[in-house]
**Student:** 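Structure incoming, see below.
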Amino acid sequence: MGSFNTSFRDGFILMGFSDWSQLEPILFVFISIFYSLTIFGNTTIITLSLLEPQLHMPMYFFLRHLSFLDLCYTTSTVPQLLINLHGLDRTISYEGCVVQLFSSLALGSTECVLLVVMAFDRYAAVCHPLHYTAIMHPHLCQTLAIASWVGGFMNSLVQTGLMMAMPLCGLHLLNHFFCEMTVLLKLACEDTEGTETKMFVARAIILVVPAVLILGSYVYIVQTVLKVRSVAGRRKAFGTCGSHLLVVSLFYGSAIYTYLQPMHSYSESEGKFVALFYTIVTPMLNPLIYTLRNKDMKGAVRKVLGRGRYSV
């Protein structure tokens, strides 16, 4: 027995999907495709929002941060998973595990806060359109973005610190494809009720509070949109806000399922597939959701493609 930072210096073995070995080649192909689409889609959004003047608005400023977050988040886990699925190496060093745990928690927590900021932006745009530019001025947008990153990394620092202070024992096997908090807690060899309670409170704050704030903002948004007499105006408002609400539902649904259920009822087998959803599928879908359902983004894509055609 010893603390996390002394007893597992040799690292861990990530079991990944070895208990479904027949699925590993299929998963390798699909995850490779999804990862490529994630990189392409999110890079496209970042590039368009920087280059096109029509996208120099608060909504796309925050969307650029979301795309960068998704790129970092998937890259913190997927390359390791692909190596694991290929069977080349299933081990991860102690240092690598700590970095992966901290970075995945930090980036996921930052996204939780950023989605609240994006909901506030939509609330200001729909409920206070005449004062929107005065409310969402550049200095406030930058402050909110920085606060999202700082809040996410602070939450990760607390949870990772608590995890590293816990004594672990047993086999160096992690029944997951990355160093996930819930799986590491299974290795604890003493009563973890106190530490788990602290972690649960931290997770609840970073998940439940943002979710409630987002739902509250959308109650006001729906009430405001229903008062709009123009059918075209309603459709535009619901289309823009619907994209954000869909992203929120996908992200929070899978995250709450994983992190807010009691440890004794947590299934590692189910947890791995749910983790695939919020680490790979959601970051891949975000660019599609925002691009296909957003008139300005589609217009920017056509503009860039038109430029390329004429230049050739």
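Position 1 is the first residue of the sequence; numbering continues from there.
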**Student:** To the nearest 0.5 angstrom, please state how far the CG atom of L157 sits from the CG atom of L162.
**Tutor:**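 If we round to the nearest 0.5 Å, L157:CG and L162:CG are 9.5 Å apart.
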**Student:** Suppose we call two aromatic rings close when their centres sit under 6.0 Å apart. Are Y123 and H128 close by that rule?
**Tutor:**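 For Y123 and H128, the ring centres are under 6.0 Å apart.
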**Student:** Look at the side chain of N84 and the backbone N and O of L14, then say whether any donor-acceptor pair between them is shorter than 3.5 Å.
**Tutor:**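 The answer is yes, because a donor-acceptor pair under 3.5 Å joins these two groups.
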**Student:** Side-chain contact test, heavy atoms from C-beta onward, threshold under 4.5 Å: evaluate it for M163 versus Q159 and give yes or no.
**Tutor:**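 No, their side chains stay 4.5 Å or more apart.
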**Student:** Just by modelled atom types, is the C112 backbone N or O under 3.5 Å from a matching donor or acceptor in the Y252 side chain?
**Tutor:**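 Present.
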**Student:** Taking all non-hydrogen atoms of both residues into account, name the closest pair between L140 and I135 and its distance.
**Tutor:**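 Minimum heavy-atom separation between L140 and I135: CD2-O, 3.0 Å.
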**Student:** Report yes or no: do E180 and Y259 form a side-chain donor-acceptor pair below 3.5 Å?
**Tutor:**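 Present: a donor and an acceptor within the cut-off.
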**Student:** Atom OG of S104 and atom CZ of F178: how far apart are they, to the nearest 0.5 Å?
**Tutor:**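 Going from OG on S104 over to CZ on F178, the span is 5.0 Å.
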**Student:** With a 4.5 Å heavy-atom cut-off, do H65 and L69 have their side chains touching?
**Tutor:**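 A side-chain contact under 4.5 Å is absent here.
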**Student:** For S109 and N155, work out which heavy atoms get closest and say how close.
**Tutor:**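 Distance-wise, the nearest heavy atoms are OG-ND2, 2.7 Å.
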**Student:** Can you tell me if F30 has over 12 outside heavy atoms packed within less than 6.0 Å of its CZ?
**Tutor:**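 Incorrect, the count does not exceed 12.
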**Student:** Tell me the closest heavy-atom pair linking I45 and P287, and the distance in Å.
**Tutor:**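 Residues I45 and P287, closest heavy atoms: CD1-CA, 3.4 Å.
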**Student:** Taking the six-membered ring for Trp, is the centroid-to-centroid distance between Y60 and H56 below 6.0 Å?
**Tutor:**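 No.
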**Student:** Measure the CG-CG distance between N286 and L63 for me, rounded to the nearest 0.5 Å.
**Tutor:**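 That separation rounds to 8.5 Å.
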**Student:** Taking side chain as C-beta onward, heavy atoms only, is Y35 less than 4.5 Å from T75?
**Tutor:**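 A side-chain contact under 4.5 Å exists here.
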**Student:** I need the minimum non-hydrogen distance between F200 and L260, along with the two atoms involved.
**Tutor:**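 Shortest heavy-atom separation between F200 and L260 comes out as CE1-O, 3.7 Å.
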**Student:** Which class fits the ring pair H137 and H139: parallel under 30°, tilted 30 to 60°, perpendicular over 60°?
**Tutor:**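 Taking H139 first and then H137, their aromatic rings lie parallel (interplane angle under 30°).
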**Student:** Pick from L207, V208, V201: which one makes a side-chain contact (heavy atoms from CB on, under 4.5 Å) with I205?
**Tutor:**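 Of all the options given, the one that passes is V201.
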**Student:** So how far is it from T47 OG1 to N42 CG, rounded to the nearest 0.5 Å?
**Tutor:**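 Nearest 0.5 Å value for the OG1-CG distance: 10.5 Å.
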**Student:** In the hydrophobic clustering that connects Ile, Leu, Val, Met, Phe, Trp and Tyr at side-chain heavy-atom distances below 4.5 Å, which members other than L130 occupy its cluster, ordered by chain and number?
**Tutor:**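 Grouped by the 4.5 Å side-chain rule, L130 forms a cluster of one, so the answer is none.
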**Student:** Do F120 and V219 belong to the same hydrophobic cluster, where Ile, Leu, Val, Met, Phe, Trp and Tyr are linked whenever their side-chain heavy atoms lie under 4.5 Å apart, directly or via other members?
**Tutor:**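 Result: no, two separate clusters.
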**Student:** Quick one, V248 with M118, criterion side chain to side chain contact (heavy atoms under 4.5 Å, CB included). Give me CA distance, side-chain angles, the key distance, then yes/no.
**Tutor:** CA-CA 10 Å; V248 167; M118 294 177 74; over 6 Å; no
**Student:** May I ask you to check whether Y94 and F12 place their ring centers less than 6.0 Å from one another?
**Tutor:**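 So the answer is no for these two rings.
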**Student:** Quick one: which residue pairs count as a salt bridge (Lys or Arg N to Asp or Glu O under 4.0 Å) with a foot in residues 19-37, not counting sequence neighbours?
**Tutor:**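 Qualifying pairs, neighbours excluded: D19-K272, E24-R90.
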**Student:** Is it true that F40 and V281 fall in one hydrophobic cluster, defined by side-chain heavy atoms closer than 4.5 Å?
**Tutor:**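 No, it is not one cluster - the side chains of F40 and V281 are not joined through contacts under 4.5 Å.
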**Student:** What heavy-atom pair brings C179 and L101 nearest, and what distance separates the two atoms?
**Tutor:**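 Result for this residue pair: O-CD1, 3.6 Å.
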**Student:** Decide yes or no for F177 and M15: does some side-chain heavy atom of the first lie under 4.5 Å from some side-chain heavy atom of the second?
**Tutor:**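 Answer no - side chains too far apart.
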**Student:** So does M154 have more than 12 non-hydrogen atoms from other groups sitting under 6.0 Å from CE?
**Tutor:**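 It does not: M154 CE has 12 such atoms or fewer within range.
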**Student:** I want to know whether F251 and Y278 have ring centres closer than 6.0 Å.
**Tutor:**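 Between Y278 and F251, which both carry aromatic rings, the centre distance is not below 6.0 Å.
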**Student:** Could you tell me the separation between the CE atom of M57 and the SG atom of C141, rounded to the nearest 0.5 Å?
**Tutor:**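 If we round to the nearest 0.5 Å, M57:CE and C141:SG are 10.5 Å apart.
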**Student:** Determine, step by step, whether H172 and T91 satisfy the side chain to side chain contact (heavy atoms under 4.5 Å, CB included) criterion, reporting the C-alpha distance in whole Å, the side-chain angles of both residues, the deciding distance to 0.1 Å, and the verdict.
**Tutor:** CA-CA 10 Å; H172 293 214; T91 62; over 6 Å; no
**Student:** To the nearest 0.5 Å, what is the distance between OG1 on T282 and CG on L276?
**Tutor:**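 Rounded to the nearest 0.5 Å, the OG1-CG separation comes to 10.5 Å.
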**Student:** Hey, can you tell me if H86 and F28 have their rings parallel, tilted or perpendicular (30° and 60° cut-offs)?
**Tutor:**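 Correct class here is tilted.
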**Student:** Do T279 and T74 come within less than 4.5 Å of each other through their side chains, counting heavy atoms only?
**Tutor:**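 Side-chain contact under 4.5 Å: no.
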**Student:** Look at the side-chain heavy atoms of Ile, Leu, Val, Met, Phe, Trp and Tyr, link any pair under 4.5 Å apart, and say whether I206 and L250 land in one connected group.
**Tutor:**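 Yes.
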**Student:** Could I get the full list of salt bridge (charged side-chain N to carboxylate O under 4.0 Å, His left out) partners for E270, not counting sequence neighbours?
**Tutor:**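 For E270, no residue satisfies salt bridge (charged side-chain N to carboxylate O under 4.0 Å, His left out) once neighbours in sequence are set aside.
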**Student:** Quick one: do V99 and M181 end up in the same hydrophobic cluster if we chain Ile, Leu, Val, Met, Phe, Trp and Tyr together by side-chain heavy atoms under 4.5 Å apart?
**Tutor:**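 V99 does not cluster with M181.
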**Student:** Please answer whether the main-chain N or O of G152 pairs with a side-chain N or O of S156 as donor and acceptor at a distance below 3.5 Å.
**Tutor:**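 No, the answer is negative, given that no donor and acceptor are paired below the 3.5 Å cut-off.
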**Student:** Would L23 and I31 show up in the same hydrophobic cluster when neighbours are defined by side-chain heavy atoms closer than 4.5 Å?
**Tutor:**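 Same cluster.
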**Student:** Tell me whether the rings of F153 and F102 are parallel (<30°), tilted (30 to 60°) or perpendicular (>60°).
**Tutor:**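 F153 vs F102 ring planes: perpendicular.
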**Student:** Counting C-beta onward and ignoring hydrogens, is there a side-chain heavy-atom pair between I280 and L81 closer than 4.5 Å?
**Tutor:**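 Heavy-atom side-chain distance check passes, below 4.5 Å.
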**Student:** Please find the pair of heavy atoms, one from I221 and one from A119, that lie closest to each other, and give the distance.
**Tutor:**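 Closest heavy-atom pair between I221 and A119: CD1-O, 4.4 Å.
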**Student:** Apply side chain to side chain contact (heavy atoms under 4.5 Å, CB included) to residues E111 and L107 and explain how you reach the verdict.
**Tutor:** CA-CA 6 Å; E111 185 156 343; L107 295 166; over 6 Å; no
**Student:** Before you tell me yes or no, could you show the steps for V126 and Y220 under side chain to side chain contact (heavy atoms under 4.5 Å, CB included), namely the whole-Å CA-CA distance, both residues' side-chain angles and the distance that decides it to 0.1 Å?
**Tutor:** CA-CA 9 Å; V126 175; Y220 284 105; over 6 Å; no
**Student:** Does any non-hydrogen side-chain atom of R64 lie less than 4.5 Å from one of L55?
**Tutor:**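 No, side chains not in contact.
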**Student:** Counting distance only, does the side-chain N/O of S18 pair as donor-acceptor with the main-chain N or O of S21 below 3.5 Å?
**Tutor:**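 It does not hold such a pair.
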**Student:** Report yes if some heavy atom in the side chain of Y218 is under 4.5 Å from a heavy atom in the side chain of R122; otherwise report no.
**Tutor:**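 With C-beta onward as the side chain, the pair touches.
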